[in-house]
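The structure appears below as structure tokens.
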Amino acid sequence: MTGTLTNGTNGTGPHKPPADLDASKLIIRRAESLKAVPVWETLQFGETPTDHMLICTYDPINGWSNPEIKPYGPLSLDPVGSCLQYATNVFEGMKAYVGPNGNPRLFRPSRNMKRLETSAARLALPTFDSSELLKLIKQLVLLESRWIPDLPKYSLYIRPTIIGTRPKLSVAASNEAMLYVVLSPTGPYFPTGPRPLSLMAVSETARTWPGGTGGHKLGINYAPALLPQQIAAKRGYDQIVWLLGEDNRITEVGAMNVFAVVGRDDGDLDVMTPSLDGTILPGVTRASCLELLSAHPQSSVLPNIPPSTRIHVHERAITMEELTSWSAKGQLHELFGVGTAVIVAPIGKIGFQNTDVIPLDHPEGFGPVAGALMQRLSDIQTGKWEWEGWSVELSA
Ligand SMILES: *Cc1c(COP(=O)(O)O)cnc(C)c1O
């Protein structure tokens, strides 16, 4: 008997090692009656669960249970469960789109899976093989494919979640967990066309800080942001620009990564976004924007951007003082936020120290770079533009 193969004995012989997450063990228990899908145009984000959810649990003796797809419904949790007391909650946000032939598609899903693994590891939650989780998500999406609205700018939002369920009040890593995935159809972020965001820059509260958890997708990064967001809304702003440090570096806007487009003296464009220093969430949309911008014009020309326009991509700190000075010199062409929910959101102004920083280009809609990224990303996600295998087609 060796330690790596057993968990000790209880007098009846060796135990099996804890099981890995295994998609081949999936059990499907279908809902007895299916809901009618809503009129898509009336959808509110995240308010309409589909018929089924995926769920499995972990305990240190048995490991991961057989995954199950079952009717959507409430969970049963111990009142002192780790997630309820100590916020051991991590999640992902992904979308499924309908492709040209009617098959569902996912966008770079392996990236979300890897990020979920690192988020769970950061909170000392049980580990799992995320390629098995991706197989399970594909099966869930295929089963629920009638819930993917076949309308432009609509999609099926996917929310994989892991919560710690260790039922003890003592503070320790949760060696029990529940992993589940729920789905919700969703419409365009801006139903009436792009409306540039009006943002309030905030330096007195921080979303993240050096050594903090802002580089992971954890529930705890969200709760403290709700009050500042509410205050910004009362003052008439859509969202917050989170500043950090004495030099007022911009980190993110709301829960999106942020980009600035700055005109250079030689006529080229500098496109910049804060570097991944641990305070920035490593967005899949952010990475995709950087790759598409770097490919222009050599390997792929962005829509409506002349091939003669040279784009220089920079991952670097951006301070409010720099934005203000570029704006004063007429060099600040565009500001925009990016993320799975919105894809690309133009920023119309940033309120900072009693003045508004306003980008030059198209404060009433998409500027050329934001618009090009929005169109190209949407076309890749819906399978209209093939690029680097980013869009993964699902078929039964
Ligand atoms: C999820 C998230 C983003 C966007 O990441 P995507 O992978 O592009 O969806 C950006 N910032 C924060 C804080 C986030 O939680």
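Every number for a ligand or one of its atoms is a count from 1 in the order of the listing.
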Among protein heavy atoms, which lies nearest atom 9 (O) of ligand 1, and at what distance? Thr340 OG1, 2.5 Å
Quick look: Leu281 vs ligand 1, heavy-atom contacts under 4.0 Å, and the answer is side chain
Counting C-beta onward and ignoring hydrogens, is there a side-chain heavy-atom pair between Lys138 and Leu134 closer than 4.5 Å? yes
Examine ligand 1 and decide if any of its atoms is less than 4.0 Å from a heavy atom belonging to Arg115. yes
Quick check: are there more than 12 heavy atoms from other residues, nucleotides or ligands sitting under 6.0 Å from NZ of Lys35? yes
With heavy atoms under 4.0 Å as the rule, classify the contact between Met256 and ligand 1 as side chain, backbone, both or neither. backbone
Kindly check if the number of other-residue, nucleotide or ligand heavy atoms within 6.0 Å of CG (Asn354) is above 12? no
Indicate the atoms forming the closest heavy-atom contact of Asn103 with Ser395, along with that distance. ND2-CB, 3.9 Å
Which protein heavy atom lies closest to atom 14 (C) of ligand 1, and at what distance to 0.1 Å? Lys217 NZ, 3.0 Å
Sub-4.0 Å atoms of ligand 1 with respect to non-hydrogen atoms of Gly283: 5 (O), 6 (P), 7 (O), 8 (O)
So which heavy atom in the protein is nearest atom 15 (O) of ligand 1, and how far is it from that ligand atom? Tyr222 OH, 2.3 Å
Where on Phe91 is there a heavy atom closer than 4.0 Å to ligand 1, on the side chain, on the backbone, on both, or on neither? neither
Nearest to atom 11 (N) of ligand 1, what protein heavy atom do you find, and at what distance? Glu252 OE1, 2.5 Å
What is the closest protein heavy atom to atom 3 (C) of ligand 1, and at what distance does it sit? Ala255 O, 3.5 Å
Note: ligand 1 atoms sitting under 4.0 Å from heavy atoms of Arg207 are 13 (C)
Heavy atoms, side chains only, cut-off 4.5 Å: are Leu169 and Gln85 in contact? yes
Of Val342, Ile280, Thr285, Val258, the one whose closest heavy atom lies nearest atom 8 (O) of ligand 1 is Thr285
